[in-house]
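Encoded as structure tokens, the structure appears first; notes follow it.
Below, read A as the first sequence line, B as the second, and so on, with proteins coming before strands; counting in each chain starts at 1. Atoms considered below: every heavy atom in the structure, side chains included; atoms not considered: hydrogens, waters and symmetry mates. Please read all numbers here as calculations on a predicted model, not as lab measurements.
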Amino acid sequence: MLRFLIPLLFLASFATAQESVVAGMSQNRISISANFDGSEILIFGAIKRETPIPDYAPLEIIIAVSGPDEPTTVRRKERIFGIWVNKDTVEFEASPSFYAVASTNPLNEILSVADDARFSIRIGSRIPLTVEEDNQLNLPEFRDSIIRIRENQGLYSERESIVTLNDETLFDTTIQLPSNLVEGDYKTRIFLTRNRQVIDDFETTIMVRKVGLERWIFNLAHERPLIYGLLSLTIAIMAGWLASAVFRLLKIS
Amino acid sequence: MQIYLPIAEVSVNAFLLLGLGGMVGILSGMFGVGGGFLMTPLLFFIGIPPAVAVATEANIIVASSFSGVLAHLKRKTVDLKMGLVLLSGGLFGAAFGVQIFKILKEMGQVELLVMLSYVVFLGAVGGLMFVESMRALRRSKQPNAKRPLRKHHNWIHGLPFKMRFRTSGLYISAIPPLIVGAAVGVLAAIMGVGGGFIMVPAMIYLLGMPTKVVIGTSLFQIIFVTAFTTLMHATTNYTVDMALAVLLLTGGVIGAQIGTRIGLKLKAEQLRIYLSILVLAVCGKLALDLLLTPSELFTIGAGE
């Protein structure tokens, strides 16, 4: 039985992986130092194939960069007795802190709904509708609000037609990383599609890390919170005293 | 010059923070309020996460209050004895307030409660002070007008445990200052501020302390209450941002020194009118936020 299966599997993989993607990035490590003010990352690559370029449909590329997932609470305000109050609350189990999709053409033309759902590519399908407790609320409405708010903050984006593809072989694009970036591993996925079907995908990681003073402060705050707190107070008292002393000197002279 | 804040995880303009710190510091020095009720909403506005803003603010208040209190100590306008009595009530109240805060947070309505307490207390305190100081100012302009007799003996004077507060020129029971301290401590913990804007009027109107002493004494006890709050936040929530604090307090301590000097040049009644206008303005802004239809009905909070 196994003797028949193994060659079959090989054949199957050949059929789908006639074209595969090889990619690189200008940097796979982003250092957040004190003067970090956003960053730009160049993603480039090529299509590897052993056979001539298929001509049944154009090749399209979708690149998705995703920040670390975190549980997200969304609250909706309602007017009660004339004042606006948080009423309904939905706790999504996970949403990415950052999400950018770049593609060669408008996404609904190059990606089928089924494959979008299967690979969770577009922003909407990237945030699963799984919640801590189901309280019979309109979940897509709450999910859309996360997307809307984060799009306004520059954290989420779907930018169509910004990936350039030459001769169906070489591609490149730049992804903007905003200044309010959160530390973590940023999963970068590249999808090849033909006829709205995903035919290959590639995955790599951009590591976003605080460095130097930022790193030191962050670690101290989390590992030695009491010392950190006392140090913060000492700085505050010293600054208060210093200002007072300096002003006294200025007054005398 | 942009700077990335390690705990808040956002990048902001360093000069903007210095400027904000300086402005709030001037007001803090002038009026003897920590400035938390101004700074905290401003920090929300420039995009600092609320938890970080509230915790870091406590740390900044320590600096500006310390700077301010040194100036007052030199002028002997701090009633240390009264400060210590208020403080012992204050620490007790703050610890209690933190517990209330935790319960409300679990109920998911902490934001509303904080906003409502701001509106109610800022409105009441600001209104009361405004009316009273206007009356006082009118009186000082008409020297012939009959000065209404101040009640020197009310129920407060019937209480036991009398103490002499020499600097304030008072001989009253220790119970009212203890209660005032504790009540302000509770509110301060819930509202995430030093509580000076409640403490100052409470000292003037409830305890009958002279205005000149009130500011220094208020600053004195605020230092300790906010230092306590800073430590609580640093050890339980890890939300004190040292880089943010350093920038704001650099501006803040300089501002506080300038403010203290401006404050000494102004008349007590004038000082109170300006403070009450400031308090009412913040109150009005917060009330509008609660009443007007927000442009975005949804808010994203950190997951629990």
Heavy-atom cut-off 4.5 Å, strictly under: side chain, backbone, both or neither for B/Leu249 against chain A? side chain
Please determine, among A/Asp88, A/Ile32, A/Thr89, the option with the most heavy-atom pairs under 4.5 Å with chain B. A/Ile32
Scored by heavy-atom pairs under 4.5 Å with chain A, the best of B/Val12, B/Asp241, B/Val240 is B/Val240
Please flag which part of B/Leu292 lies under 4.5 Å from any non-hydrogen atom of chain A: side chain, backbone, both or neither. backbone
Are there residues of residues 106-121 of chain A that reach to under 4.5 Å of chain B by heavy atoms, and which ones? none
Residues A/Arg148, B/Phe298; criterion side-chain contact (heavy atoms from CB on, under 4.5 Å); working and verdict: CA-CA 10 Å; A/Arg148 190 171 58 239; B/Phe298 293 87; 3.4 Å; yes
4.5 Å side-chain heavy-atom contact, A/Tyr228 and B/Met242: yes
Measure distances from A/Phe92 to the heavy atoms of chain B and classify the residue's part below 4.5 Å as side chain, backbone, both or neither. neither
Heavy-atom cut-off 4.5 Å, strictly under: side chain, backbone, both or neither for B/Ala227 against chain A? both
Is there side-chain contact between B/Leu116 and A/Ile83, with at least one heavy-atom pair below 4.5 Å? yes
In terms of heavy-atom proximity below 4.5 Å to chain B, should A/Ser95 be classed as side chain, backbone, both, or neither? neither
Least distance between heavy atoms, B/Glu9 atom then A/Glu183 atom: OE2-N, 3.9 Å
At a 4.5 Å cut-off on heavy atoms, which part of B/Val69 comes close to chain A: side chain, backbone, both, or neither? neither
Interatomic distance, CD1@A/Ile235 vs CD1@B/Ile60, rounded to 0.5 Å, equals 12.0 Å
Please classify the contact of B/Thr235 with chain A as side chain, backbone, both or neither, using a heavy-atom distance under 4.5 Å. both
Chain B contacts: which residues in residues 212-219 of chain A have a non-hydrogen atom closer than 4.5 Å to it? A/Glu214, A/Ile217, A/Phe218
Just so I know, are the side chains of A/Ser179 and B/Tyr4 near enough to count as touching, which here means a heavy-atom distance under 4.5 Å? no
So which heavy atom on A/Gly240 is nearest to which on B/Val253, and how close? CA-CG1, 3.5 Å
In terms of heavy-atom pairs under 4.5 Å with chain A, the winner among B/Leu231, B/Thr250, B/Ile223, B/Val10 is B/Leu231
Around A/Trp241, counting heavy atoms of other residues, nucleotides and ligands shown, do more than 12 lie under 6.0 Å from its CH2? no
Using every non-hydrogen atom in the two residues, find where B/Leu291 and A/Gly82 come nearest and quote the distance to one decimal. CD2-O, 3.4 Å
Test side-chain contact (heavy atoms from CB on, under 4.5 Å) on B/Val62 and A/Ile237 and set out the steps. CA-CA 7 Å; B/Val62 174; A/Ile237 302 248; 4.1 Å; yes
Ranked by heavy-atom pairs below 4.5 Å to chain A, first place among B/Ile7, B/Ile258, B/Leu70 goes to B/Leu70
